[in-house]
Amino acid sequence: MLKIKRGAPTHNTITVPGDKSISHRVLMLTALSDGACEITNLLCGEDCLHTVEALRGLGVSIELFPEHCSAVVHGCSGKLRAPKGDIHCGNSGTTMRLLAGILAAQPFCSRLVGDPSLSRRPMKRIIEPLSLMGAKLSAEGNNFPPLLVEGKPLQPITYQMPVASAQVKSAILLAGLFAQGKSTVIEYARSRDHTERMLQDFAVAIQRHGREISLKGPSVPQARNFCIPGDISSASFWTVAVAAQPGANLLIENVGLNPSRRAVLDILSRMGACIRETSIGQVEIGEPSGSLEITGTQLRATTIQGEEISNAIDEIPIIAVAGALAQGKTVIRNAQELRVKETDRITALTANLRAMGVGIIEHEDGMEIQGRDSLIGTHVKSFGDHRIAMAFSIAGLFATGETVIEDTSCIATSYPGFEKTLQRFSKGIVIC
Ligand code: S3P
C-alpha cells in the first residue's frame, strides 16, 4: 500500500532502471547466441527475473549481479535443454509469449504457467502463427494459460498479423530463427521494434520494408555485449509528475528514445509539456538514448488514436492521468488492447479517475476525460497492475488530502525502486 500527499520534485536529476522490453529480449538472444555476453543496465524487476529463471531452467548458464544491474549469459547456440517442470512466467506476458516462439522449435515439450493475471491473457494470438509454422501449441484454458508447447522442426511462414502486438511479432521472428528459409511478418500497425534491431545487432540477416519484416533461418545470433538504456515507460511517470506542475524542473538521464516507443513524448508535447531532449547518444550497437529535461506548465487536452496507440500503449495509464490534469477534454480511442493487459486498463482507469472526481466516459476502445484543476485524494485500487499503481501514485501528487493506493507490490514487476524515487516528489509518502 502507498499513501501519498501532494508534492513536487525536490531533486532535479534522476535515472530510471533499464528498459523492460529490451531486457527480456537481450536475455533471450544472448541465451541463444554462440558465446558469452555481458549485459549492463539490465532491469532486475520481477518480470525479467522470471525470464532469467526460465532460461536457467532450460539449461542456460546466467551469472546475475542484481546489485550492479548486470549479467553474463553463456549462450547455448540455440540448443536448449528440456525443463524439469513447469516454466513459471509470473506476471510477464513478454516472458511467456516470446519464449513460446523459441520453445516452438526445441525437441521437447514445455508447459508455461503464469500468475492469476497472466492466466487471463489471450494466447491464441501466438498459438495460431506458431502452429502454422509446425509446432504443436495449446492453451489449457482454451485461449488462456497454462500454455503447452510441443516443439517441432519449423517451416517458415508469411504471416499477416491480426493485432498490433510486438510480443506476437517477436514470437514469430524468434521461431523464424529456427525455420528453414525466409519467414515474414506483416504488421497490423507498427509496434516496438526492439527485436528487429537486436537481431541485426546480433548479426542475424533481417530486413524491413515498411510493415514487412523478414528473416532467414536457420540462424544463430552472434555473441556480443549489450548495454540497455533506461526505460521510457518508467520515465514517463516522472515526466508527467513534472510536466503538469507549473514551476517544476527535472532532468532524467539515459532514457531509451527508440522512435517506436517515444509517442508519449510527442503526445505530452502536444499537450503543451516542455520537454527538451539532450545528449542523444548515437550508438552502433544497441538503442538510441538521451536525457529528458522537463519544465512544468498547465497542460491542455489532446486526442490520441490510430497508429499512435500502439507506440504509446504502455503509457496510456499515465497519459490518462495527464489528461485528468489538462484543460479540456482528452480523448483516447482505438485502444481496445488495453483491455487485455495486466488488468483491463480501461475499466481500471475509469474507476480510479472517477473516484478522484474526474468526469470520464468509458468506451469499448478508450475513454473521454474531462480535465480539472485538482484531483480529490481517496482510496484507489491497483487492480494488481504495476502501471495502474504507478500512474495513480503520480495522480496522488496532484490530489487534495491523502491518496491511498492498495496492493502496490505489483510495482516490483517493472520498477524496483519506484517508491524511493516517489519519496523525492513529496514529503508525504508512506510505504506500508
Ligand atoms: C511488449 C509489448 C506490448 C507491451 C508490453 C511489452 C514487448 O505488448 O504492452 O508491456 O516487450 O514486446 P503487446 O505486444 O501485447 O502489445
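We count ligands from 1, going down the list as the structure has it; atoms in each ligand are counted the same way.
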Would you please say whether a donor-acceptor pair under 3.5 Å links the side chains of [X] and [Y]?
X   : Y    : value
T94 : Q167 : yes
H24 : T51  : yes
S92 : H50  : no

Subject >> Residues that T15 engages under side-chain hydrogen bond (donor to acceptor under 3.5 Å, both in side chains), provided they are two or more places apart >> reply: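 Counting only residues at least two positions away or on another chain, T15 forms no side-chain hydrogen bond (donor to acceptor under 3.5 Å, both in side chains).
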Original post:
Partners of R224 by side-chain hydrogen bond (donor to acceptor under 3.5 Å, both in side chains), sequence neighbours excluded?
Top reply: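 Residues passing side-chain hydrogen bond (donor to acceptor under 3.5 Å, both in side chains) with R224: none at all.
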Subject >> Set of residues that line ligand 1, where lining means a heavy atom lies under 4.0 Å from it >> reply: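 Ligand 1 pocket, heavy atoms under 4.0 Å: S21, R25, T94, R97, A164, S165, A166, Q167, R192, I313, D314, K341.
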Original post:
Can you list every side-chain hydrogen bond (donor to acceptor under 3.5 Å, both in side chains) pair that touches residues 25-39, not counting sequence neighbours?
Top reply: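 For residues 25-39, and leaving out neighbouring residues, the side-chain hydrogen bond (donor to acceptor under 3.5 Å, both in side chains) pairs sorted by first residue read R25-S170, R25-T195.
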